[in-house]
Amino acid sequence: MPLHNADIARVFEDIADLLELDDENPFRIRAYRNASRIIGDLQLDLAASIRRGEEPPKLPGIGEDLSEKIHEIVTTGHCALLDRLRKKTPAAITELLRIPNLGPKRVKALYRGLEVRTLEELYRAARDGRIRGLPGFGEKSELNILQSVEARLSKGRRFKLAVAAQYADAVADYLRKASGVGQVVVAGSLRRMRETVGDIDILATAEASSDVMSRFVGYEEVQEVLSRGDTRSSVRLASGIQVDLRVVPRESYGAALHYFTGSKAHNIAIRRLAQARGLKLNEYGVFRGQKRVSGETEESVFAAVGLPYVPPELREDRGEIEAARAGRLPRLVELGDLKGDLHCHSRWTDGHHSIREMALAAKARGLEYLAITDHSRRIAAVHGLDPSRLREQIDEIGRTEVAGITLLKGIEVDILEDGTLDLPDLLLAELDIVVAAVHSNFNLPRARQTERILRALDHPRVTMLAHPLGRLIDAREPYEVDMLKIIRRAAARGRFLELNAHPERLDLSDTHCRMAKDEGVLVAISSDAHSTQQFDNLRYGIGQGRRGGREKKDVLNALPLRELRRLLPGKRPDRGRETAAS
DNA sequence: GCCGTTTTCGGCCCGACTGTTTTCAGTCG
């Protein structure tokens, strides 16, 4: 079985867990965790590159020893250190570290004292009241463990971005009504627009007399108060999501927002920069000795360590600090940069609104063009368009005039198992936009799945590949493909990749988005709207695109229509929609 | 285990809250 970066990352993560249980040097443990994260985020396929005998690039945080271990893992499929650690400690025990409030010390105490190795054993020990007798544990800890294990066994832990955003916006609005409160902002991974978030982090500035904290724990959706302090509290809402509120004085706003936005790895890197300049950075400000030197705004925090402002979506310690220092930070695309949308559905298939209604909604959001791309006949369940219905739809699009927005004729055509398309070439040639999509045979072997998609990209009428990974977040794994090959074929053929903005998809991933940027492939940030409201999902696609380092010039549908047309396969620059309709 | 405009050795981000303690260790973000 071929090894992937994720497999190497997993080995290092396992080593870190086991070292932690072994009371090892915390900085050695951090080195493994760091390496795991770096390799997991890496775009280059390390294993493939090593098998080809290439010299892997020097990665920050990966020195001589870890490089050798990577080589060992790739060439032998094993890591001697991990094997040795596993002999010493039962491997399953590391899952106990994932239980909130259980760290290495307490996990070890549970193992030594009660021979607890698995979640199930932990659950039984808590239920039988055996944990409270251990030194350092009490009744309260036992009850917390019981509840945490139950919660863990019953449901997943991360929430989709769009879901978390709804809860977060509601809490933030509620907190803005508190007395003596200044700013209330959502921070954390939500502000960084990660595709899923583990909890909601909210930052508020307030006077000492403010009731914002008591108001927070009294929020009507609060099911449980997990901790409560003057400056920090955590609650769990009825929906199961955890919300943390941090309150700081106004002069600390920038430092606190930076600190509370993360990521953790980014924060550590920035604090080291501060340290190197003889400064101390915490959530209250930037200090030289006892004296605060900045911290009122995030810009001032970055300036104190000699950097320009780094947008939240880039703060993952994936090279943004080096880029900032070199003045190479991208000017990230913004929602307002979008001029059009190249993927949406109407009542002709599984959409809920007419073509005219969709056009009006898109125009209301400031878009200047919209491609109607209903499904093709293969998807019978949604009454996918066969050639004659598509021809009728083409006529209707041609007849539909909405002032201020240009409608483009399109299709989301199925890529069949052999890589051919679900509609005849002659008909596809009449369309402005052909979005090719995989909706079936998700389980083909990697090589065949890749070939299937490459063949579709070779088709002279295909504009772009829809939702390239085919995953549904938390519901369906991506299909196995060689994404680099696909990206390179798209580059060679002048095709594009979609970044599908639907919150269930957010497909491309941020790392593939970067990979495509490196290969010079534009993405189309598309709503895939099935109703008029769903154009609002574009904001999530923009977030993902920004995480992927996309600038306005890297986004197909940020181009004015005239320039877009110039890039379409098989279209001459001056060929307009009138020609296509005839 | 990594790393170097203090350093090839000796550092490695920093503070809040909880529970079990009698002054703090463990955990978290």
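Proteins come first, then strands; the chains are lettered A, B, ... in the order of their sequence lines, and each starts at number 1. Keep in mind that this is a model prediction, so the values were computed, not measured.
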Visitor: Give a yes/no answer on whether the side chain of A/Gln275 brings an N or O atom under 4.0 Å of OP1 or OP2 in B/dC14.
Guide: yes

Visitor: Contact class for A/Leu102 vs. all strands (heavy atom < 4.0 Å): base, sugar-phosphate, or nothing?
Guide: sugar-phosphate

Visitor: Does a side-chain N-to-carboxylate-O contact under 4.0 Å join A/Asp201 and A/Arg191?
Guide: no

Visitor: Of A/Tyr32 and A/Leu279, whose closest DNA chain B nucleotide lies nearer the 5' terminus?
Guide: A/Tyr32

Visitor: Ignoring hydrogens and geometry, is there a side-chain-to-backbone donor-acceptor pair from A/Arg476 to A/Gly470 under 3.5 Å?
Guide: yes

Visitor: For a quick test of reading the model: is some side-chain N or O of A/Ser227 closer than 4.0 Å to OP1 or OP2 of B/dC28?
Guide: no

Visitor: What is the base-pairing partner of B/dG15, counting Watson-Crick and G-U wobble geometry with both distances under 3.5 Å?
Guide: B/dC28

Visitor: Whole-Å distance between B/dC14 C1' and A/Arg272 CZ?
Guide: 13 Å

Visitor: Would you mind telling me which residue lines up with the more 5' stretch of DNA chain B, A/Arg232 or A/Ala276, judged by nearest nucleotide?
Guide: A/Ala276

Visitor: Between A/Ser234 and B/dC17, is there a side-chain N or O to OP1/OP2 distance below 4.0 Å?
Guide: no

Visitor: Checking contacts here: which listed nucleotide (B/dG26, B/dC12, B/dG19) is nearest the side-chain heavy atoms of A/Lys140?
Guide: B/dG19

Visitor: Between A/Asn144 and B/dG19, is there a contact of a side-chain N or O with OP1 or OP2 at under 4.0 Å?
Guide: yes

Visitor: Reckon A/Ile268 touches a base, only the sugar-phosphate, or nothing at all at heavy-atom distances under 4.0 Å?
Guide: base

Visitor: Which value, in whole Å, describes the distance between the C1' atoms of nucleotides B/dT23 and B/dG19?
Guide: 13 Å

Visitor: What contact category does A/Glu142 fall into here, base, sugar-phosphate, or nothing, at under 4.0 angstrom with non-hydrogen atoms?
Guide: nothing

Visitor: Rounded to the nearest 0.5 Å, how far apart are CG of A/Leu499 and NE2 of A/His512?
Guide: 12.0 Å

Visitor: For the backbone of A/Arg192 and the side chain of A/Arg315, can you confirm whether one donor and one acceptor N or O come within less than 3.5 Å of each other?
Guide: no

Visitor: Using the six-membered ring wherever Trp is involved, compare the ring planes of A/Phe302 and A/His258 and label them parallel, tilted or perpendicular (cut-offs 30° and 60°).
Guide: perpendicular

Visitor: Taking only the C1' atom of each, what is the distance from B/dT6 to B/dC17 in whole angstrom?
Guide: 36 Å

Visitor: When you get a sec, tell me which of B/dT27, B/dG29, B/dA16 is the closest nucleotide to the side chain of A/Phe260?
Guide: B/dG29

Visitor: Check every atom of B/dT18, B/dC17, B/dC14 against the side chain of A/Arg228 and return the nucleotide holding the closest atom.
Guide: B/dT18

Visitor: If you count the non-hydrogen atoms of other residues, nucleotides and ligands that lie under 6.0 Å from CD in A/Glu477, is the total more than 12?
Guide: no

Visitor: Roughly, in whole Å, what's the span from CG in A/Asp230 to C1' in B/dT18?
Guide: 14 Å

Visitor: Suppose you measure atom P in B/dT22 against the same atom in B/dC28; what distance do you get, rounded to whole Å?
Guide: 22 Å

Visitor: Less than 3.5 Å between a donor and an acceptor, one on the side chain of A/Asn267 and one on the base of B/dG29, is that the case here?
Guide: no

Visitor: Would you tell me whether A/Ser141 and A/Arg106 have side-chain atoms, one donor and one acceptor, within less than 3.5 Å of each other?
Guide: yes

Visitor: So, A/Asp17 and A/Arg98, do they make that salt bridge, N to O below 4.0 Å?
Guide: yes

Visitor: Give one of base, sugar-phosphate or nothing for A/Pro104, where a contact means two heavy atoms less than 4.0 Å apart.
Guide: sugar-phosphate

Visitor: Confirm from the modelled atom types if A/Tyr259 and B/dG15 form a donor-acceptor pair under 3.5 Å, side chain to base only.
Guide: no

Visitor: So which nucleotide from B/dT27, B/dC12, B/dC2 ends up closest to the side chain of A/Leu66?
Guide: B/dC2

Visitor: OP1, OP2 of B/dC3 versus side-chain N and O of A/Lys58: anything below 4.0 Å?
Guide: yes

Visitor: Answer yes or no: is there an ion pair linking A/Arg37 with A/Glu316, defined by an N-O contact shorter than 4.0 Å?
Guide: no

Visitor: Give, ordered by number, those residues of residues 282-308 of chain A having at least one heavy-atom distance below 4.0 Å to an atom of DNA chain B; if nothing qualifies, reply none.
Guide: A/Asn282, A/Glu283, A/Tyr284

Visitor: Counting any heavy atom closer than 4.0 Å, what does A/Arg28 reach on the DNA or RNA strands: base, sugar-phosphate only, or nothing?
Guide: base

Visitor: May I ask you to evaluate whether A/Lys264 reaches the phosphate of B/dC28, defined as a side-chain N or O under 4.0 Å from OP1 or OP2?
Guide: no

